[in-house]
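First the structure, in the form of structure tokens, and then the observations on it.
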Amino acid sequence: MKAAVVGGGWAGLTAAVELAQAGFRVTVFEAARQLGGRARSVELRGHCLDNGQHILVGAYRETLRLLRTVGTDPDRLLRRLPLELYFPGSLPRPFRLRLPRLPPPLHLAVGLLAAAGPPVAEKLAAVRFLGALQRDGYRVRESDSVAELLDRHGQRGSLRGHLWEALCLAALNTPPANASAQIFANTLRDSLGGGRAATDLLLPATDLDRLLPAAAAAFIRRHGGEIRHGCRIRRIEAGPAVLGEAFDCAVLAVGAQHAPALLAGHPATAALAQTLAGYRFEPIATVYLGFPPQISLPLPMLGLAGHSPTDVGQWVFDRGALCGTAGVLAFVLSAHGPWEELDNATLAARLADQLAVTLRRRLPPVLWQQVIREQRATFSCRPGLPRPGACTGLAGWWLAGDHACAEYPATLEAAVRSGVAAARAIRASLPAGRHACASGASSGPQSPRRG
């Protein structure tokens, strides 16, 4: 059976791999010259870097399964570290939280109570907050924002800013005042509320292309499929068909900002197109600064505390410690903020100054800089946002993308889960006896629960 996948990002590649493994002959249509979508590699200043610094966590079970399926060794290409949040420049004292390697939930309780910086009252309030979420099954008011959830549970001070609000921005890419409390609770459930390994940070020790896109493309080709680059699809065709070529099934795996124009041409998908057209989006900037090779950070990932209106940085990553590109630091700025009004040179200078204050030492001049701005990096993950599933309503067409994973924000894991869900929905829809390959059933967890 022939399957088409429109879009070669992580969602589309996942659907293609799942279908190829089940015996489908898959064709991936990708408009760009390379795969990976919003999580791809780029050549900059003689280095193979990424269009954005991505973080995975141990709770990303479907992503880890996918990497193993295509032959990527996550134990080698992902650096697994216990969750550690360190803001050396925070006042009045540096903030540091590190979860020890203890059985759950002891690792979480000990980590919170041993955190450096916050007063004891804040630590106890944080433990009570997590206890309340667990007792309620991580169900909160659908209309609540993260800020309202934290207010109601008495979360204030250093732990609120450096733990809860920092995690909200990192995971949901939406300011806490606007972010969905329920989606945030889901991420806490599967990370802090999961097993000990679920809280681990998995920092890519290579560029994103080597992590998934290259291996997924090779896997698809080995299973008789093909990748067509430079194929921009401007309309989807009933049948299904793509560019006049008939297929037995097709997956639309483009970003939420591109899907409405493709879906609006059919009465069966008009409502879905209208839903996605109502989405708002948040930006992300990744600022690479090249220092002399001897410059490094005390940890692979540091938080940047703001002390003045000119401070705009949130996180900085040491690419030398992660990928061997010594002296290259990657600064990440999530969601709408004052940083958007700065030109690239001013933004880079502000971040270098903020880092020097954070580290309490003078830094040498920056050798080079590169700013990558994704204006619509993710959808704005707001309370009550309608999230579609895999079904489009148009016969033969299925939907994948981080927007189609109802329980998660716009993360790599959400994209992967949506691709898995689309592929499994296709196989479940086939009449008995029409399965592409009887021995092709994929292993792994059942399809994700829907919120």
Side-chain angles (χ1 to χ4, degrees), residues 5-18 30 32 35-40 50-57 59-67 168-174 178-180 182-184 186-187 190-191 202 208 211-213 216 251-260 262-263 272-273 275-284 332 334-335 374-383 385-392 398-425 447-451:
V5 176
V6 177
W10 284 49
L13 290 175
T14 301
V17 166
E18 292 282 311
E30 171 54 47
L35 300 172
R38 286 164 288 154
R40 65 187 185 278
D50 301 313
N51 73 316
Q53 179 67 51
H54 288 266
I55 305 172
L56 292 79
V57 295
Y60 283 12
R61 54 182 174 82
E62 285 293 301
T63 301
L64 293 173
R65 182 180 70 84
L66 172 67
L67 295 179
C168 174
L169 267 180
L172 277 64
N173 193 40
T174 307
N178 300 328
S180 165
Q182 183 57 69
I183 300 298
F184 183 60
N186 294 345
T187 64
D190 292 347
S191 54
L202 306 180
L208 290 173
L211 192 60
L212 176 68
V251 178
L252 182 62
V254 299
Q257 63 270 44
H258 302 301
L262 297 172
L263 295 167
L272 175 57
T275 294
L276 294 177
Y279 277 29
R280 297 182 234 178
F281 295 89
E282 300 281 350
I284 294 178
V332 176
S334 298
E374 293 276 358
Q375 299 298 337
R376 297 194 291 178
T378 71
F379 59 84
S380 188
C381 192
R382 296 177 178 244
L385 183 71
R387 305 283 293 279
C391 182
T392 67
W398 305 87
L399 189 69
D402 51 28
H403 51 283
C405 180
E407 283 205 325
Y408 272 33
T411 58
L412 295 179
E413 177 72 359
V416 169
R417 288 191 179 203
S418 75
V420 171
R424 289 179 177 172
S447 53
R449 295 167 292 175
R450 295 294 172 189

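Just so you know, these numbers use all the heavy atoms, side chains as well, and skip hydrogens, waters and symmetry mates.
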Subject >> Distance-minimising heavy-atom pair for Tyr60 and Ile55 >> reply: CE2-O, 4.1 Å
**OP:** Compare every heavy atom of Ala259 with every heavy atom of Leu276, then report the nearest pair and how far apart it is.
**Re:** CD1-CB, 3.8 Å
Original post:
Taking side chain as C-beta onward, heavy atoms only, is Leu272 less than 4.5 Å from Leu399?
Top reply: yes
Original post:
Can any side-chain N or O of Arg387 pair as donor or acceptor with the backbone N or O of Cys405 at less than 3.5 Å?
Top reply: yes
**OP:** Check Tyr408 against Phe379 and note the closest heavy-atom contact, atom names and distance.
**Re:** O-CZ, 4.4 Å
Subject >> Validation row: Thr174, Phe184 side chains within 4.5 angstrom (heavy atoms) >> reply: no
**OP:** State, yes or no, whether a side-chain contact exists between Leu252 and Leu262 at a heavy-atom distance under 4.5 Å.
**Re:** yes
**OP:** Hey, could you give me the CD/OG1 distance between Gln257 and Thr378, rounded to the nearest 0.5 Å?
**Re:** 9.5 Å
**OP:** Measure the OG1-CG distance between Thr14 and Leu66 for me, rounded to the nearest 0.5 Å.
**Re:** 4.5 Å
Subject >> Check: Pro409 and Thr187 side chains under 4.5 Å, non-hydrogen atoms >> reply: yes
Subject >> Min side-chain heavy-atom separation Arg424-Trp398 under 4.5 Å >> reply: no
Original post:
Trp10 and Ala39: which non-hydrogen atoms are nearest, and at how many Å?
Top reply: NE1-O, 3.1 Å
Subject >> Minimum heavy-atom distance Ala423-Ala15, with the two atoms named >> reply: CB-O, 4.1 Å
Original post:
If you round to the nearest 0.5 Å, how far is CG of Asp190 from CD of Glu413?
Top reply: 8.5 Å
Original post:
Does any N or O in the side chain of Asn178 come within less than 3.5 Å of the main-chain N or O of Arg382, such that one atom is a donor and the other an acceptor?
Top reply: no
Subject >> Side-chain heavy-atom pair Asn173, Glu374 within 4.5 angstrom cut-off >> reply: no
Original post:
Should Asp402 and Arg38 count as side-chain neighbours, where that means a heavy-atom distance under 4.5 Å?
Top reply: yes
Subject >> Separation of Ser334 OG from Gln53 CD (nearest 0.5 Å) >> reply: 11.5 Å
**OP:** Could you tell me whether the side chain of Leu13 reaches within less than 4.5 Å of the side chain of Pro213, counting heavy atoms only?
**Re:** yes
**OP:** Evaluate the side chain to side chain contact (heavy atoms under 4.5 Å, CB included) criterion for residues Val420 and Arg65: first the C-alpha distance (whole Å), next the side-chain angles of each, then the deciding distance (0.1 Å), finally the verdict.
**Re:** CA-CA 11 Å; Val420 171; Arg65 182 180 70 84; 3.6 Å; yes
Original post:
Out of curiosity, Leu202 CG to Leu211 CG, how far, rounded to the nearest 0.5 Å?
Top reply: 10.0 Å
Subject >> Separation between CG of Leu208 and CG of Asn51, rounded to the nearest 0.5 Å >> reply: 7.0 Å
**OP:** State, to 0.1 Å, how close Ser380 and Leu385 come at their nearest heavy-atom pair, and which atoms those are.
**Re:** O-CD2, 3.8 Å
